[in-house]
Amino acid sequence: MASQTPALPQSYSPGTDSVFSDQSGFYSLDSNVPGLSKVILNQLSMKDYGEYRTAVEGKTKGLLFHNYKEMFQKMEETFKFCTGCNKLPEHLTEGQTLKRCVKCLNVYYCTKDCQKKDWPHHKKVCKILRLVAIDRLVEWLMFTGDLPFPTEKWSKTPADVKAWDDWLPMQEVLTQSLDKIMASANMAALWKNVSRTRPDDDDLRQSIWRIQSEFLSRVLTIGKAIQHFGLDPYIKPLTVHLVGVSHNETMGARLTDYDELSHMFPGHQGIEIVMVGPEVVDGPIVRPPLRAFGPKHKVYITAYKGLYHQFWEDVVEKGDAAKPDVVVGFHPGFHATQGLVQGWLPTLLLLRDYNIPSFFTVYSEMELKYSFQILLELEMNIRDSGPNPFTSQKPEQVQACPNKPPVYCNSHYVCFQGLLPQEDFEGPEAATGKSLAFRSQKEMFEKMEESFKICAFCEKRPEQLSNSQSLKRCARCLNVYYCCKDCQKEDWSKHKKFCPQLRLAAIDRVVEWLLFKGDLPFPTEKWSKPQSEVKTWDDWLAMQGDLTPRLEPIISGANMKDLWADAGRPRPSDDDLKQSLWRVCSEFFSRPLTVAWGARLFGLNPGSKPLTVHLVGAGHSETLAAKLTDYDELNHMFPGHQGIEIVMVGPDVADGPIVRPPLRAFGPKQRVYISAYKGLYHEFWEELVEKEEAAKPDLVVGFNPGFDASQGLDQGWLPTLLLLRDYEIPSMFTTLTETDMTYSLRILLELEMDMKGSGANPFSSLKPEVVGSTPNKPPVYCNSHYFSFQGLLETAEFEEPEET
């Protein structure tokens with residue numbers, strides 16, 4: 001069987017036009033630290049990438065070192081560059097030396113100034129980079145045979161093992177396995193030959209487990225893929241093709257590497273794993289695949305060096321290998337460079353056109369989104385995606401950018417099968433077309449609908465259409481418009497992914513009007529649990545009991561009836577309306593529950609003393625038709641509290657009963673007092689707080705401030721952010737998306753804010769919000785993510801880093 005590996009370039013230069021991931025990896029290194037790839041090749045005694053690839057492919061005797069000490073020393077040399085200014089050792093001035101951070105022993109600096117300037121960035125990842133540095137050495141035990149350690153037979157069914165927490169309790173001898181490795185001769189030799197102190201036993205145990213988790217993550221991810229597509233290895237043998245395999249999976253690979261599948265599916269009919277990729281490393285697994293059924297109760301591993309579409313043409317189509325039941329790819333990276341995209345394109349089209357169940361993993365949620373875009377452009381029928389419950393627990397350092405957050409192997413997944421169904425398009429309903437001589441509510445809905453009238457594909461507005469054209473709605477979601485059938489068909493591959501959610505958004509946009517009518521929010525129950533036990537919506541809903549008696553009067557009420565009579569669209573089913581009422585209320589209740597979440601994060605207790613909370617950047621979303629009782633859910637959360645004052649501050653505050661003077665001191669006991677001020681927060685501070693006409697805040701909260709969105713908003717927010725920092729006020733802000741949170745964190749880090757935490761908000765709104773002019777983007781959710789900060793980032797006293 002002849003494998004066809006793409007030929008190496010005649011002369012090597014790192015680039016992005018190769019199917020070899022390590023060549024694009026070298027290019028990435030040089031893009032961030034010019035010359036770093038050459039340093040790596042020099043330490044390996046190689047003159048160019050061609051020699052490196054020849055060695056990796058096993059065509060030479062490999063990497064020769066005189067002893068372990070030299071091997072570890074040369075490996076450490078590849079990490080030697082200044083993290084602050086990117087200088088390599090040969091670029092240092094006379095008298096300069098690269099010295100390590102003594103905390104993580106992972107990054108280097110050429111001067112004390114570089115270290116201090118880099119500290120605001122490095123401090124966020126220093127602790128985790130310390131773990132990376134330990135794992136990088138302990139991982140050597142994979143090549144000595146000490147790892148992976150043997151695992152136990154499963155005492156649960158695969159359906160019951162949904163995460164690592166389910167898998168670990170089945171490993172009754174885990175401690176003994178770890179202790180045996182800790183006491184091994186290879187572990188002792190490892191720390192004898194490296195230029196750093198041996199970590200304590202607890203650190204080493206954790207490191208061994210993290211490395212084991214990366215190894216097992218691949219096997220358990222295959223098991224998840226098998227279950228996800230409803231494949232049953234007890235009924236028939238299974239063939240699994242691993243595509244895009246590289247030296248990471250195949251260097252030192254053993255024929256027993258996937259035997260955990262036999263623990264997962266004891267007594268199975270046979271499972272064959274065929275590893276295919278241009279970077280497959282020679283070894284015992286490189287042998288011909290099975291033509292038909294594999295041996296019962298065994299996992300049989302084979303490998304082929306070449307691109308997957310070549311393997312299909314040379315081997316599968318000729319009947320020399322069984323067709324796959326499922327295809328799995330670990331970190332294909334086809335989103336990363338043009339070369340990888342082109343290398344992957346024939347494979348992706350093959351998987352699509354042969355309707356093969358496929359399951360791919362990526363390093364991060366961001367990579368998942370980029371991969372999604374490529375798959376959607378290829379009209380793949382995407383079945384599911386999300387976080388992988390069996391992600392590796394071992395953090396991976398971005399070598400040339402060590403202060404980037406580490407990533408994790410198999411962090412997220414996407415599964416797809418076949419071509420996106422091309423369904424017949426229903427004729428979109430015509431707009432109501434009635435004159436504007438309506439009752440005020442009807443006129444309001446018509447004008448609101450006019451604001452959404454734009455062709456979702458070509459972006460034409462009504463005034464830009466020809467005489468024969470008119471904007472018609474998608475009959476499914478009743479949310480987006482098209483100027484012609486061709487635009488609708490061209491846009492379908494994108495719109496289909498969001499059509500169901502956009503339908504909900506269209507319903508919610510109408511139902512939301514009941515907030516202004518007084519039908520919403522529905523009344524809530526007193527809390528039967530302490531606030532420390534209410535950590536998610538599920539906990540909150542459990543205390544509310546059956547919502548039906550509260551929702552049905554709203555559904556059958558006169559305002560709901562009038563609403564749909566005037567809305568210019570059919571009334572949804574009662575079940576749809578119940579769900580919509582809850583989603584709209586979730587956005588309303590998200591605000592008080594998020595305020596309480598902030599108080600909890602900073603250890604504030606209104607049962608001990610009155611609390612003053614300032615809501616900064618408040619706009620018409622929070623204040624239009626606001627009532628003095630809008631935050632009374634805090635009374636249920638903190639019964640008998642000493643008094644809570646909510647002061648809403650922002651230039652877009654809408655006039656109403658809440659616009660009244662703030663309290664100068666303590667609020668009334670066991671009550672929530674709401675006031676509002678129209679203006680920027682730093683103006684409010686100067687005019688009222690500094691003059692003691694308003695109490696200083698115990699906590700500041702901002703809902704979706706958007707200061708990451710534009711330079712104007714950034715400058716508008718800058719005085720407020722500096723005020724919060726310099727007065728060391730506990731602050732928590734929310735964002736609409738994780739991406740917004742990431743951008744906001746960058747701004748705060750540039751301002752040297754002391755970040756206290758960030759992540760997904762457990763009380764995020766459940767109501768999808770359409771991105772106005774681009775409806776085919778994923779909807780966003782109010783208060784989806786949060787970040788908290790207080791004061792100025794402390795300036796640490798730097799210890800003198802050790803020399804290697």
Side-chain angles (χ1 to χ4, degrees), residues 119-125 128 364-369 401 403-407 587 590-591 593-595 597-602 613-619 621-622 648-652 680-682 685 697 699-765 769 771-772 774 777-794:
W119 181 242
H121 302 291
H122 181 59
K123 183 182 180 182
K124 306 303 294 182
V125 293
I128 200 164
S364 66
E365 187 175 11
M366 189 64 69
E367 286 191 16
L368 178 67
K369 291 177 181 177
C401 303
N403 284 333
K404 281 189 176 180
V407 296
E587 182 176 33
S590 173
R591 291 193 280 267
L593 292 176
T594 297
V595 168
W597 177 251
R600 184 189 303 178
L601 287 175
F602 285 102
V613 180
H614 290 177
L615 300 187
V616 295
S621 298
E622 300 92 349
M648 307 172 80
V649 182
D652 295 326
L680 295 172
Y681 187 69
H682 59 278
W685 188 274
L699 173 70
V700 165
V701 175
F703 296 127
N704 318 303
F707 55 70
D708 61 281
S710 73
Q711 187 65 22
L713 285 174
D714 186 10
Q715 294 303 315
W717 271 99
L718 188 59
T720 293
L721 294 172
L722 295 177
L723 186 155
L724 297 177
R725 184 194 71 181
D726 295 341
Y727 279 86
E728 295 190 340
I729 300 170
S731 305
M732 188 182 85
F733 284 17
T734 66
T735 61
L736 296 173
T737 65
E738 185 177 14
T739 301
D740 285 358
M741 179 184 73
T742 302
Y743 290 144
S744 300
L745 288 174
R746 290 178 185 172
I747 291 173
L748 296 180
L749 286 173
E750 288 176 2
L751 297 177
E752 297 186 331
M753 295 287 193
D754 189 2
M755 305 305 301
K756 299 298 184 183
S758 63
N761 180 8
F763 296 106
S764 164
S765 166
E769 305 284 341
V771 181
T774 49
K777 283 188 176 180
V780 298
Y781 296 83
C782 288
N783 307 322
S784 166
H785 287 71
Y786 78 94
F787 51 92
S788 56
F789 54 94
Q790 184 179 7
L792 185 67
L793 188 69
E794 64 178 282

Within this structure, what is the [atom1]-[atom2] distance for the pair [X] and [Y], rounded to the nearest 0.5 Å?
{"X": "Leu615", "Y": "Leu699", "atom1": "CG", "atom2": "CG", "value": "8.5 Å"}
{"X": "Tyr781", "Y": "Glu587", "atom1": "OH", "atom2": "CD", "value": "11.5 Å"}
{"X": "Asn761", "Y": "Ser590", "atom1": "CG", "atom2": "OG", "value": "5.5 Å"}
{"X": "Tyr786", "Y": "Met741", "atom1": "OH", "atom2": "CE", "value": "9.0 Å"}
{"X": "Thr735", "Y": "Tyr743", "atom1": "OG1", "atom2": "OH", "value": "12.5 Å"}

Do side-chain atoms of [X] reach the backbone of [Y] as a donor and acceptor pair under 3.5 angstrom?
{"X": "Thr742", "Y": "Glu738", "value": "yes"}
{"X": "Glu622", "Y": "Gly619", "value": "yes"}
{"X": "Ser731", "Y": "Gln790", "value": "no"}

Practice item. Step by step, work out the side chain to side chain contact (heavy atoms under 4.5 Å, CB included) result for Phe733 and Phe703. Key: CA-CA 6 Å; Phe733 284 17; Phe703 296 127; over 6 Å; no
Review point. If we ignore angles and hydrogens, is there a donor and acceptor under 3.5 Å between the side chains of Asn403 and His122?
Key: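 Yes.
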Could you tell me whether the side chain of [Y] reaches within less than 4.5 Å of the side chain of [X], counting heavy atoms only?
{"X": "Thr737", "Y": "Ser784", "result": "no"}
{"X": "His614", "Y": "Val701", "result": "no"}
{"X": "Val616", "Y": "Pro705", "result": "no"}
{"X": "Trp685", "Y": "Ile729", "result": "yes"}
{"X": "Leu749", "Y": "Lys124", "result": "yes"}
{"X": "Thr720", "Y": "Val700", "result": "no"}

Exercise for review: Could you tell me which residues satisfy side chain to side chain donor-acceptor pair (under 3.5 Å) with Thr734, sequence neighbours excluded, listed by chain and number?
Suggested key: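 Listed in chain order: Asn704, Asn783.
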Point to revise | Residue pair Ile128 / Pro406: nearest heavy atoms and the distance that separates them | key: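 Reported closest heavy-atom pair: CG2-CG, 3.5 Å.
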**Study point:** Smallest separation among heavy atoms of Pro405 and Val125, with atom names
**Key:**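 Nearest pair, atom of Pro405 first, then Val125: CA-CG1, 4.2 Å.
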Practice item. Carefully, step by step, assess Leu718 and Leu751 under the rule side chain to side chain contact (heavy atoms under 4.5 Å, CB included). Key: CA-CA 9 Å; Leu718 188 59; Leu751 297 177; 3.7 Å; yes
Review point. Does the side chain to side chain contact (heavy atoms under 4.5 Å, CB included) test come out yes or no for Ser758 and His785, once each step is laid out?
Key: CA-CA 7 Å; Ser758 63; His785 287 71; over 6 Å; no
Exercise for review: Take Phe787 and Met755 through the test side chain to side chain contact (heavy atoms under 4.5 Å, CB included) and record every step on the way to the result.
Suggested key: CA-CA 8 Å; Phe787 51 92; Met755 305 305 301; 4.1 Å; yes
**Study point:** Validation row, ring centre Tyr681 to ring centre Trp717 under 6.0 Å
**Key:** no
Check your understanding: What pairs meet the salt bridge (Lys or Arg N to Asp or Glu O under 4.0 Å) rule with one or both residues in residues 742-757, with sequence neighbours excluded?
Key ->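 As it turns out, the salt bridge (Lys or Arg N to Asp or Glu O under 4.0 Å) pairs with a partner in residues 742-757, which skip direct neighbours, are Asp754-Lys756.
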